[in-house]
Every structure is written in structure tokens, then in C-alpha cells.
Amino acid sequence: MQLGLSVSDSDVSSFTPLVVLELADDTKAEAITWLLNRIRDKQQNGDGEGFLSDAECQYIIKHELDTLRAKNEEHVPGYPKLKLYPGKSVVRRLQSKGVLIQYFPLHNKEDLKRLSFSWYKKFKLSLQPLDDIRHYFGEGLALYFGFLEYFTFALVPMALIGIPYYLFDWEDYDKYVLFAVFNLVWSTVFLEVWKRCSATLAYGWGTLSRKKAFEEPRAGFHGALGFNPVTGREEPVYPSSKRQLRIYLVSVPFVLLCLYLSFYVMMVYFDMEFWAINIYNENPDIATSILLFVPSIIYAVVIEIMNLLYRFAAEFLTDWENHRLESSFQNHLVLKVLVFNFVNCFASLFYIAFVMQDMVLLRQSLATLLITSQILNQVMEAFLPYWLQRRRNKKVHKRMRRLMGDKELPLLGQVQLETEMNTYLGTFDDYLEQFLLFGYVSLFSCVYPLAAVLVVLNNITEVYSDAFKMCHVFKRPFSEPAMNIGVWQLAFETMSIIAVVTNCALIGLSPQVKAYFPESDTQLILIVVAIEHVLLAFKFILAFVIPDVPKHIQVNLAKLEFDSLEALKKRVSTHFLKKEP
């Protein structure tokens with residue numbers, strides 16, 4: 001293994017690299033020189049960036065590496081069989097052939113130590129240091145932890161109401177109307193308030209008014225080299241018609257096939273559930289009562305496995321569709337994953353609630369699915385990565401002592417250690433987990449009031465486990481500027497709309513409401529549908545009435561824009577006055 005670290009022993013203490021490039025053991029010297037020259041040439045062609053933070057410098061370096069493309073058909077020096085094609089990413093080509101193993105930013109020990117102490121090393125009932133997280137990891141990750149914190153605090157009122165509701169009404173499964181009404185209000189207000197919180201955070205970090213930058217083609221995008229009339233540069237061109245054919249003839253049928261498999265597994269689960277219920281009815285004792293939970297536990301594990309396998313397939317398909325922009329790639333990936341995960345996780349609950357209309361089984365299934373999925377997530381996301389990282393650290397320390405002896409090279413040791421760390425794949429899985437938890441709470445927690453309590457406990461441990469992983473398990477990710485949580489905002493809003501419809505339907509199914517309409521189911525259905533439409537209309541009106549950006553921030557942004565225009569006018573007028581004779 002070769003690392004992008006070419007300094008003498010005497011210079012190690014004064015050399016502070018930002019990004020490390022790991023090359024294969026047998027990489028030719030001429031290939032290394034060629035790659036460094038290509039990177040330097042691209043940097044020299046760019047504009048001066050002035051004084052920037054580490055996170056901003058890392059973002060620029062990543063952008064330069066991702067947009068490094070071959071202009072002509074050529075061979076990499078020292079590798080006659082490694083050909084570069086016009087328009088294709090140089091970095092992706094070197095990675096696919098095993099020349100370039102990986103590249104990543106290096107942790108800053110002092111900054112990381114201070115962040116760790118204020119973030120997770122002591123248990124405290126206080127807010128997270130979001131400004132410090134943003135300074136070290138960038139706005140994208142800081143906004144995720146801000147949303148996680150906000151979601152957790154927003155669940156506290158529901159959890160406080162749910163505990164006594166659970167204790168006093170546990171045996172009466174039908175008295176859930178009041179909690180369903182509270183669910184309706186909570187899911188409506190929750191996201192509207194978050195948009196204002198998000199705008200406040202982004203304004204404080206200077207990204208709220210940031211214009212959407214012109215997006216360069218993503219690193220994985222390929223096609224024949226053509227001319228971009230906007231930038232005036234050569235870049236890959238791929239026909240949109242080919243992409244649409246791939247989406248509608250391959251991706252969509254594949255997603256539908258996976259949904260069919262999900263429904264098939266669900267029906268197998270119900271067969272197991274009925275089998276367990278029959279055994280319990282024949283011989284009710286402790287063993288058979290425990291057996292009642294086994295089908296739900298097995299189904300919850302199968303759901304997690306299917307979600308994981310589908311995620312890999314969705315990433316492969318979305319990459320194969322060859323989207324030009326990273327935003328387009330993310331939108332299509334999120335859509336694929338959310339549709340499958342929603343059906344896979346919630347289809348059985350909808351079937352029990354509205355087809356079987358069995359609130360006892362619905363409560364049992366929801367509780368089992370939620371608790372099992374949280375246990376699996378904690379094991380996979382916290383305990384397993386921590387254990388694996390400790391093993392890797394011990395191996396690296398032994399190898400470094402064997403190679404270096406008593407000679408201390410802390411920088412080389414740090415690079416070697418971080419090379420062995422896991423790569424952080426972004427906030428996608430983190431937001432997906434919170435999306436599913438939000439679904440469990442907003443859709444069906446009226447029949448299992450402890451759902452909010454369980455999610456609060458899960459998120460508290462999530463904050464500390466995620467913080468530890470970001471600081472000590474994962475390589476430092478490249479900083480990504482962000483002004484909001486992106487497409488996930490739309491995903492959560494869609495779930496809140498479904499929650500309104502679901503809770504209205506559950507209210508309509510309750511015996512208390514049915515008692516008012518003993519002879520006319522049609523009238524009941526019409527009234528429930530009318531109420532649901534009124535609530536949805538109220539939700540959309542509320543979205544327009546409550547501005548996404550607080551008034552004082554709007555005023556400050558308008559002042560900044562006005563001052564900028566005035567300064568521009570003065571510069572223009574001064575320029576013309578100087579030209580007058």
C-alpha cells in the first residue's frame with residue numbers, strides 16, 4: 001500500500017495533509033507523477049480561493065478529483081493496458097482497475113478531541129454542539145444531527161402522553177381516538193416548525209441564501225465527449241432517451257417485482273401468525289404465549305435483510321441509469337428505496353388495521369416490529385462497528401510497532417490507522433432510519449402509545465453512538481455544504497399526509513365512533529373522508545400561513561441583498577466617473 005504522503009522524517013512534525021490518497025502496492029512511479037501533475041494542473045486552472053477552513057478546502061479538493069476527466073484517449077504511464085476514454089472520470093477508472101484504492105480527508109487530532117469532549121464523552125441533558133459539528137464535518141452532517149435532536153425533543157410530549165395512556169388503557173384497545181387526534185395535530189405541526197428551525201441553522205452558517213451552484217457531472221457519469229454550451233467545456237453527453245428506457249424497461253419492473261416479493265413474504269408471515277395463534281388457543285400457557293411473538297420477530301428480521309439487499313440493488317440500478325447530476329442520482333435512489341421500504345415495513349400493519357381490523361394483533365405486531373428493528377439497528381450500527389474498529393486498531397498498532405520500532409512517527413501512524421477505518425457513506429441511511437421511525441409513530445402509535453417512548457430512547461442512544469462513530473469509527477467524510485435536508489423534507493411531508501389519512505381511517509373504525517352510526521356505514525365513510533379532506537386542506541393552508549423562514553431572517557437577508565446592490569451601484573458609478581475626461 002502506498003499513501004499520498006511524500007515527506008522526509010524530519011518534516012513529518014510540520015507537515016499537515018488535508019487529504020490522503022491510497023495507491024496500490026505495485027503502483028508505478030511514473031503513474032504517481034502523472035496523477036499528481038493532472039491534479040496540480042486542474043488546481044492551477046481554478047481561481048484563488050483565499051482563506052478557507054479545512055472543511056471548505058476538503059470540499060474543493062473532492063470537487064477537483066471528481067471532475068478530473070480524460071480529454072483524449074490515452075494510456076496511464078506505466079500501464080499500457082489501462083486506457084482512459086474521453087469524458088470518463090480518471091479517478092473512477094483508476095479505482096476500478098485497483099490503482100487508486102481510496103482517498104479521504106485526514107482527521108485533525110486537536111479539533112477532534114475538543115469536539116468529542118463537548119459532543120458525547122460526557123452524558124448531559126443539553127443541546128448538541130451543532131456549530132462545532134458544522135465547523136468540523138460541514139453543514140450537511142450538522143443538519144442531520146440538528147434534525148435528529150429536533151425530532152427527539154418533538155417526540156417528548158407524545159411520549160409523556162403515551163405513558164399514562166398505555167398504563168391506564170392497555171386492556172381497552174378501542175380507546176385510541178383521542179391519541180389519534182393528537183397524532184393528527186402533531187404530525188402536521190412537527191414539520192412546519194422544523195422548516196423554520198432548519199432555516200435558522202442554515203442562516204447562522206451562511207448557507208440559507210447560498211444560490212444553488214452549477215452542478216458538474218457526477219463522477220460516475222459517462223458518455224461520448226461533447227460540448228457544454230453553458231460552461232464552454234467538453235464533457236460527457238448521454239442521451240436522455242436511453243436513460244428513460246433503462247428506467248422504465250428495467251428499473252420500474254425490477255421495483256415492482258421486489259414489491260411483489262415483499263407482499264408474498266407478508267402473506268407467509270400471516271400464515272405463521274395464524275399458526276401460532278391456533279397453537280395458543282389449543283393450549284394456552286407460558287410457552288405458547290411466547291410463541292405468539294416469534295412470527296413477528298422472524299418477520300422483523302426478514303424485513304431488515306430484505307431492505308439491506310434491496311438497497312444494494314437500488315444503488316446498482318440507479319448508477320446503471322447513468323444520471324448526469326448527483327442531485328438527480330440521489331432523487332431516483334431515494335424514490336426507489338423509500339417506496340420499497342415503506343411497503344416492506346408498513347404493508348402488514350395496514351393489512352391488519354384495515355383488512356383484518358384486529359387492533360390487538362396490530363398493537364402486538366407494531367410493538368414487535370419496532371422493538372426488533374431498533375435492537376438490530378443498535379447492534380449493526382453501534383456495537384458491531386465499535387468492536388470491529390477496536391480489533392483493527394490493535395492490528396494497526398502492532399504493525400506500526402513492528403515496522404517503526406521505537407521510532408515515533410505520529411502522522412504516519414495516524415494515516416495508517418485511518419486508512420483501516422470504515423468509509424462513511426453519507427446521511428442516507430441515517431435519514432432513512434428516522435423516516436421509518438417517524439412512520440411507526442405518526443401512522444399507528446395511537447394503538448401502541450409507547451411507540452414514541454421507544455423512539456425517544458432509540459434516538460438518545462443514536463446521538464451518542466453516531467457521534468462516536470463519526471469521531472472514531474469512520475474516516476472523516478468530505479464536507480458537503482447544505483441549506484436544508486433536501487429531498488428528505490419532501491419524504492417526511494409525504495409521510496405526514498399519509499399519517500393524516502391513516503389516523504382518520506383508524507378513528508372511523510373505532511367502536512366509539514361507529515356507535516354514532518349504527519345503521520349507516522356509508523354515512524360514516526363520507527364523514528370520515530370529509531374530515532380527512534378538511535384536515536389535509538388545513539395542513540396545506542398552515543404550510544402557506546407559517547413561513548418557512550422566520551420574519552427577522554427574511555428582513556436580514558433582504559438587507560444584505562439591498563446592501564450588495566448599493567455597493568455594486570457605487571462600484572459601477574465610480575468606474576464610469578474614472579473613465580470621464
Side-chain angles (χ1 to χ4, degrees), residues 21 31 34-47 59-77 79-100 102-103 210-255 312-337 425-426 428 478 480-482 486-487:
L21 276 72
W34 170 84
L35 178 60
L36 292 176
N37 288 336
R38 291 293 297 267
I39 296 173
R40 291 192 186 105
D41 289 343
K42 189 165 180 61
Q43 288 177 330
Q44 290 171 0
N45 290 333
D47 298 329
Y59 171 72
I60 293 171
I61 293 172
K62 183 177 186 299
H63 178 267
E64 298 294 332
L65 289 171
D66 287 345
T67 57
L68 190 63
R69 298 179 181 275
K71 294 184 177 179
N72 303 302
E73 189 173 302
E74 58 179 310
H75 293 276
V76 176
Y79 296 88
K81 294 184 180 180
L82 181 50
K83 183 184 291 186
L84 300 176
Y85 298 96
K88 291 199 173 183
S89 170
V90 172
V91 170
R92 286 285 285 261
R93 183 67 173 165
L94 294 178
Q95 285 182 315
S96 66
K97 296 300 180 182
V99 177
L100 177 62
Q102 60 179 334
Y103 58 98
R210 175 179 175 267
K211 301 295 183 183
K212 186 174 177 62
F214 177 79
E215 282 192 83
E216 296 280 356
R218 52 186 292 269
F221 178 65
H222 58 84
L225 201 61
F227 179 77
N228 188 325
V230 177
T231 62
R233 299 197 302 260
E234 288 185 326
E235 67 175 43
V237 176
Y238 188 79
S240 177
S241 58
K242 288 187 177 181
R243 184 180 302 112
Q244 297 302 318
L245 287 174
R246 291 186 173 190
I247 292 174
Y248 291 108
L249 296 183
V250 178
S251 297
V252 171
F254 176 79
V255 173
F312 291 127
E315 284 186 345
F316 173 81
L317 274 179
T318 310
D319 187 63
W320 177 73
E321 290 167 5
N322 197 24
H323 295 276
R324 178 180 179 273
L325 302 179
E326 183 64 27
S327 60
S328 176
F329 174 87
Q330 289 296 329
N331 290 342
H332 282 78
L333 178 61
V334 168
L335 180 61
K336 289 187 185 70
V337 173
L425 300 177
F428 186 99
F478 283 99
E480 290 290 345
V487 69

Enquirer: Angle class for the His323/His332 ring planes (parallel below 30°, perpendicular above 60°, tilted otherwise)?
Expert: tilted
Enquirer: Could you tell me the separation between the CD atom of Glu326 and the CG atom of Asn331, rounded to the nearest 0.5 Å?
Expert: 10.0 Å
Enquirer: Under the side chain to side chain contact (heavy atoms under 4.5 Å, CB included) rule, what do Lys336 and Thr318 come out as? Steps first, then yes or no, please.
Expert: CA-CA 9 Å; Lys336 289 187 185 70; Thr318 310; 3.3 Å; yes
Enquirer: Looking at every heavy atom in both Phe254 and Ala313, which two are closest together, and how far apart are they?
Expert: CZ-CB, 3.6 Å
Enquirer: What distance do Arg243 atom CZ and Ile247 atom CD1 have between them, rounded to the nearest 0.5 Å?
Expert: 7.0 Å
Enquirer: Roughly how far, to the nearest 0.5 Å, is CG of Asn322 from OG of Ser240?
Expert: 11.0 Å
Enquirer: Just verifying a value: how many Å separate Gln244 CD and Glu321 CD, rounded to the nearest 0.5 Å?
Expert: 9.0 Å
Enquirer: Closest approach of Ala314 and Val337, non-hydrogen atoms and distance?
Expert: CB-CG2, 4.0 Å
Enquirer: OH/Tyr238 to CZ/Arg324 distance, rounded to the nearest 0.5 angstrom?
Expert: 15.0 Å
